[in-house]
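Here is the structure we will look at.
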Amino acid sequence: MAFSFEDRISDTKTTLIVDALNLAFRWKHQGRTDFRYDYQKTVQSLASSYGCSEIIIAADWGSSSYRKELYPDYKQNRKEKFAEQSEEERIAFEEFFEEFEATLEVLAEDYILLRYKGVEADDVAAHLVKHKNVYDLENIWLVSSDRDWDLLIQDTVSRFSYVTRKEVRLDNWREHYEVTPDEYISMKCLTGDKGDNVPGIPGIGPKRAVQLIRDYGDAMDIYNATPLESRYKYIQALNENAEQLLVNYELMDLMTYCDDAIGQDNIANIGSVLDEYKN
């Protein structure tokens with residue numbers, strides 16, 4: 001059933017960008033394999049709650065080819081985890097992904113679906129935020145439980161997590177992080193991302209990362225300051241692995257590298273799809 005926006009549009013145009021696979025895991029965790037219409041209703045409900053005039057579904061199509069070329073071990077841990085699954089777990093995953101594909105077909109009937117082979121939803125969302133003026137996107141609500149998407153938070157861009165049921169906005173940022181939005185990427189470069197198999201600096205967690213940022217500046221400033229004089233093992237590890245900070249920037253700084261990760265042909269397609277929708 002098509003979604004009518006007439007009575008739900010706020011004074012300021014608002015766009016809902018949904019992290020498609022991330023939201024689908026809401027039903028995976030429930031053991032559901034018949035969620036396509038519940039998914040659609042959830043998207044409609046969120047759009048209504050936030051007064052959205054348009055909905056964009058950003059969907060992964062495999063892991064990032066750009067990042068795999070840069071760092072071959074990127075998300076390799078997930079493949080290893082899948083390989084260790086029991087036959088029952090493997091069948092459950094196959095059934096889940098079959099339903100997910102069917103869900104995307106249902107969503108594509110009414111909403112904008114952006115999906116490209118070897119491109120992740122993170123980069124699609126980042127591209128839309130980075131070029132929101134070009135695409136005439138005024139206010140944006142991101143729907144994802146992935147904290148990587150907090151790299152996209154700015155004055156008119158916020159995130160809702162269906163897991164925590166909380167919003168991350170520029171005006172409540174300090175309720176969620178000790179670093180500023182601009183410093184968030186530096187913290188991620190220092191600590192890494194276990195879920196994506198991106199290594200951080202050994203011995204450096206969020207608290208030590210915050211202190212290093214306060215003492216030296218952003219991750220590039222920290223890199224330029226190495227080698228640092230200290231007997232602490234984590235500082236010695238930082239000196240020995242400083243080059244990893246540069247690699248991590250390219251792997252995790254969505255706003256800077258999203259266009260490279262998407263590719264010009266796909267970017268042209270995004271423009272065409274959005275132009276066709278608006279016209």
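It should be emphasised that the depicted structure is a prediction, and the values quoted were computed from it without experimental measurement.
Looking only at distances, no side-chain donor or acceptor of Arg159 sits under 3.5 Å from a matching main-chain atom of Arg147. Trp149 places no side-chain N or O within 3.5 Å of a backbone atom of Ala125 that could act as its donor or acceptor partner. With Asn241 contributing its side chain and Ala237 its backbone, the two residues share a donor-acceptor pair below 3.5 Å. Side-chain N or O atoms of Asp196 include none that pairs as donor or acceptor with a backbone N or O of Tyr74 at under 3.5 Å.
Salt-bridge annotation for Asp123 and Arg67: present, with a side-chain N of the basic residue lying under 4.0 Å from a carboxylate O of the acidic one. A salt bridge between Arg214 and Glu183 is absent, with no side-chain N of the basic residue lying under 4.0 Å from a carboxylate O of the acidic one. At a threshold of 4.0 Å, the pair Glu99-Arg36 counts as salt-bridged, since one of the basic side-chain nitrogens sits closer than that to a carboxylate oxygen. A salt bridge links Lys188 with Asp148: at least one charged nitrogen is closer than 4.0 Å to a carboxylate oxygen. In summary, Arg78 and Glu84 do not engage in a salt bridge, as defined by a charged side-chain N under 4.0 Å from a carboxylate O.
A side-chain N or O of Tyr223 and one of Glu243 form a donor-acceptor pair less than 3.5 Å apart.
Side-chain rings of Tyr50 and Trp141 approach one another, their centers coming within less than 6.0 Å. Here the two rings, on Phe100 and Tyr39, have centers that are 6.0 Å apart or farther. For an aromatic pair to be called close, the ring centres must be under 6.0 Å apart, and Trp27 with Phe96 fails this. Ring centroid separation for the pair His127 and Tyr257 does not come in under the 6.0 Å cut-off.
Residues passing the salt bridge (Lys or Arg N to Asp or Glu O under 4.0 Å) test with Asp146, sequence neighbours excluded: none.
Because its NZ or CZ atom is not both nearer than 6.0 Å to the ring centre of Phe35 and within 45° of the ring axis, Arg26 does not count as a cation-pi partner of that residue.
Summarising the geometry of Asn77 relative to Lys194, their closest heavy-atom pair is ND2-O, 3.0 Å, with the distance given to 0.1 Å.
Linking Ile, Leu, Val, Met, Phe, Trp and Tyr residues whenever their side-chain heavy atoms come within less than 4.5 Å places Leu142 and Met255 in a single cluster.
Residue Ser145 holds its OG atom at 10.5 Å from CZ of Phe160, rounded to the nearest 0.5 Å.
The residue from Leu128, Ile57, Ile262 that alone fulfils the side-chain contact (heavy atoms from CB on, under 4.5 Å) condition with Leu114 is Leu128.
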